[in-house]
Amino acid sequence: MDATRSCPDPAHVAPALLAWYDRHRRALPWRALPGEVADPYRVWLSEVMLQQTTVAAVRPRFEGWVARWPDFASLAAADEAEVMAAWAGLGYYARARNLVAAAKAVVADHGGAFPADEATLRTLPGLGAYTAAAVAAIAFGSRAVVVDANVERVVARLFAIGEALPGARVAIRAAADRITPDARAGDFAQAMMDLGSGICTVKTPSCLLCPLQDECLAFREGAPERLPVKAAKKARPQRYGTIFWLQRGGEVLLVRRPGKGLLGGMRALPTGPWVDAVPGLAEPPVVADWRLRNATVAHGFTHFDIELALAVATTDAHHDGMGEWWPIADLDRAGLPTLFAKAAAAVMRRDG
DNA sequence: AATACGTGGTC
DNA sequence: TGACCAAGTAT
């Protein structure tokens, strides 16, 4: 090897990576076969589903979604409550709201055709810097600098960027730009993600299998797993609340959460305030003979943990306007976020 | 710039 | 088994 050439050599990275990708690419439901034209709708949908969400979690949900809403027009015309229910369990529910809003914008403002350029894509709700670049590259073949957490890791190691995230993102993006090829930009982006997912992993990268080993400065220096350096995480506060299970015959009262904020727009069980100390029976949805169960439900969100007490009551009144009375036997189909699905399971474990 | 925003897989 | 983390975006 020529000891004077740069490491990594930007001209060598893409060819080596693409050759590896041609042999080892993952077969994924949203990925076009080699030589096949990508469907922008499927590319966009998969990219949004995959935001902060693992391939393992998305894989079983993707085809069912496409079967139900196969294109922009059908999604633009969809019942938003059904869309939200279909997203239940995937988290970050603003993504589902933005999916419908973006589909409507495609139909209303772009004649039903997905915009092909990165800047216009960036104007659609839910498409940030990453997703706009990924769609431009993967669906339309444009050269775009696609930087997700995989690319950050691979690039930080290739170039031995020791600055901590998030400050390192400026240098990482500049380095990613230097190795992004003009041709096969979509394959290059997906190859970087496959490499980050399967070879250049967070804790114990498989450097001996890596097609970029000869280009990697962190490998040469001996400790690639130390990069990228990350800022220390803050402790998550503990909160407490109460879930109110109001039963009438074989039905339970469900409400819809406010359109924005935590679990925004989702069906839910009624809750009282979420606060720093156990609130007991504060703020029930209706006056009833509430009984506190012994069991609690624990759940972790990104920025706090919560422990919820379960209060149960029965009623004969209709309580019109409070929410929906939902058949308990069909609760699976209500599309409850995981927290409330857990609570329902806890109530029924004891009743069942 | 820092924070809000979910969940399930992984080791 | 409890961290840690993932194909980020909006404000």
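Chain letters run A, B, ... following the sequence lines, proteins first and then strands; every chain starts at 1.
Within the structure, every side-chain polar atom (N or O) of A:His303 is placed at least 4.0 Å from both OP1 and OP2 of B:dT3. Contact between the side-chain N/O atoms of A:Lys230 and the OP1/OP2 oxygens of C:dC4 is not found at any separation under 4.0 Å. Under 4.0 angstrom from either OP1 or OP2 of B:dG6 there lies no side-chain N or O belonging to A:Arg95.
Between A:Asp305 atom CG and B:dG6 atom P the separation is 15 Å, expressed in whole Å. Taking atom CD on A:Gln190 and atom P on C:dA7, their separation rounds to 13 Å, with Å as the unit. The interatomic distance linking A:Leu262 (CG) with B:dT3 (C1') rounds to 14 Å, in whole Å. Rounded to an integer number of Å, the gap from CZ of A:Phe340 to P of B:dG6 is 11 Å. In this entry the distance linking NZ of A:Lys233 with P of C:dG2 reads 18 Å, nearest Å. Regarding A:Asp148, its CG atom lies at a distance of 9 Å from the C1' atom of C:dA6, rounded to whole Å. Distance, A:Arg169 CZ to C:dT9 P: 11 Å, rounded to whole Å. Between the P atom of C:dA7 and the CZ atom of A:Arg59 lies a distance of 14 Å, rounded to the nearest Å.
Rounded to the nearest 0.5 Å, atoms CZ (A:Arg257) and CG (A:Leu262) are 5.5 Å apart. In this structure, A:Leu253 CG and A:Trp245 CH2 are separated by 10.5 Å, a value rounded to the nearest 0.5 Å.
The P atoms of C:dA7 and B:dA4 are separated by 24 Å, rounded to the nearest whole Å.
Of the candidates C:dG8, C:dA7, B:dT3, the closest approach to any side-chain atom of A:Glu47 belongs to C:dA7. Checking B:dG6, C:dG8, C:dA10 against the side-chain heavy atoms of A:Gln51 singles out C:dG8 as nearest. Proximity note for A:Val202 (side chain, C-beta onward) versus C:dC5, C:dA7, C:dA10: the nearest is C:dC5.
Residues passing the salt bridge (charged side-chain N to carboxylate O under 4.0 Å, His left out) test with A:Glu80, sequence neighbours excluded: none.
Within 4.0 Å (heavy atoms only), A:Ile138 reaches no atom of the nucleic acid at all. Within 4.0 Å (heavy atoms only), A:Ala129 reaches sugar-phosphate atoms of the nucleic acid but no base atom. Within 4.0 Å (heavy atoms only), A:Lys234 reaches sugar-phosphate atoms of the nucleic acid but no base atom. Within the nucleic acid shown, A:Pro166 has no heavy atom closer than 4.0 Å to any nucleic acid atom. When heavy atoms are screened at a 4.0 angstrom cut-off, A:Trp44 is found touching no nucleic acid atom at all. Within the nucleic acid shown, A:Arg97 has no heavy atom closer than 4.0 Å to any nucleic acid atom. Among the atoms of the strands shown, none is found under 4.0 Å from any heavy atom of A:Ser46.
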Exercise for the section: Take A:Gln247 and A:Thr315 through the side chain to side chain donor-acceptor pair (under 3.5 Å) test and state the conclusion after the steps. Expected result: CA-CA 6 Å; A:Gln247 202 164 323; A:Thr315 184; over 6 Å; no

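Of the residues listed (A:Leu45, A:Leu124, A:Val83), the one engaging A:Leu99 in a side-chain contact (heavy atoms from CB on, under 4.5 Å) is A:Leu45, and it is the only one.
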Scan nucleotides 7-11 of chain B against the protein and return all N/O pairs shorter than 3.5 Å with their distances rounded to 0.1 Å.
| from | atom 1 | to | atom 2 | distance (Å) |
| --- | --- | --- | --- | --- |
| B:dT7 | OP1 | A:Tyr93 | OH | 2.8 |
| B:dT7 | OP1 | A:Thr338 | N | 2.9 |
| B:dT7 | OP2 | A:His299 | NE2 | 2.7 |
| B:dT7 | O3' | A:Gly89 | O | 3.1 |
| B:dT7 | O3' | A:Thr338 | OG1 | 3.3 |
| B:dG8 | OP1 | A:Thr338 | OG1 | 3.2 |

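Under the salt bridge (charged side-chain N to carboxylate O under 4.0 Å, His left out) criterion, the residue pairs touching residues 185-212 of chain A are A:Arg26-A:Asp194, A:Arg31-A:Asp194, A:Arg184-A:Asp187, with sequence neighbours excluded. The stretch residues 107-151 of chain A participates, sequence neighbours left out, in these ring-ring contact (aromatic ring centres under 6.0 Å, His included) pairs: A:Trp44-A:Phe114, A:Phe72-A:Phe114. Sorted by first and then second residue, the side chain to side chain donor-acceptor pair (under 3.5 Å) pairs involving residues 230-239 of chain A (not counting sequence neighbours) are A:Arg236-A:Asp305.
Mapping A:Leu127 and A:Asn150 onto DNA chain C by nearest heavy atom places A:Asn150 at the nucleotide closer to the 5' end. Nearest-nucleotide mapping onto DNA chain C: of A:Lys260 and A:Ala149, the residue sitting toward the 5' end is A:Ala149.
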Run the side-chain donor-acceptor check on residues 332-347 of chain A: report pairs under 3.5 Å with partners two or more places apart or on a different chain.
| from | atom 1 | to | atom 2 | distance (Å) |
| --- | --- | --- | --- | --- |
| A:Arg333 | NH2 | A:Asp330 | OD2 | 3.1 |
| A:Lys342 | NZ | A:Ala298 | O | 2.9 |
| A:Lys342 | NZ | A:His299 | ND1 | 2.9 |

